[in-house]
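Source: prediction; values computed, not measured.
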Amino acid sequence: MTSVLLAMVAFVAAAIAGWAIAEAKGNACVYESSEEEQQALEDFNELHLKDEGREMGIAEVIKTISTTGF
């Protein structure tokens, strides 16, 4: 029973330490998006608004899918 309790305490301590490290890294590193990312976001929003947010069915996806890669 003692080893189970000790393992639980160790797990909680590791989780809190990981959370603290992630929070510190999140506050220390400032992310700024590039022009390319901004353009991609604008293009995405333009396409999304063009179809009024309507989702495509599988037949439409197959018609418009690009298999040429990136």
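A side-chain donor-acceptor contact under 3.5 Å links Glu60 to the backbone of Gly57.
The structure places CD1 of Ile58 at 8.0 Å from CD1 of Ile65, a figure rounded to the nearest 0.5 Å.
For Gln38, the CD atom is densely surrounded, since the number of other residues' heavy atoms within 6.0 Å is greater than 12.
When all heavy atoms are compared, the tightest approach of Glu32 to Glu37 is O-OE1, 4.5 Å.
Identified under the ring-ring contact (aromatic ring centres under 6.0 Å, His included) test for residues 5-44, with sequence neighbours left out: Phe44-His48.
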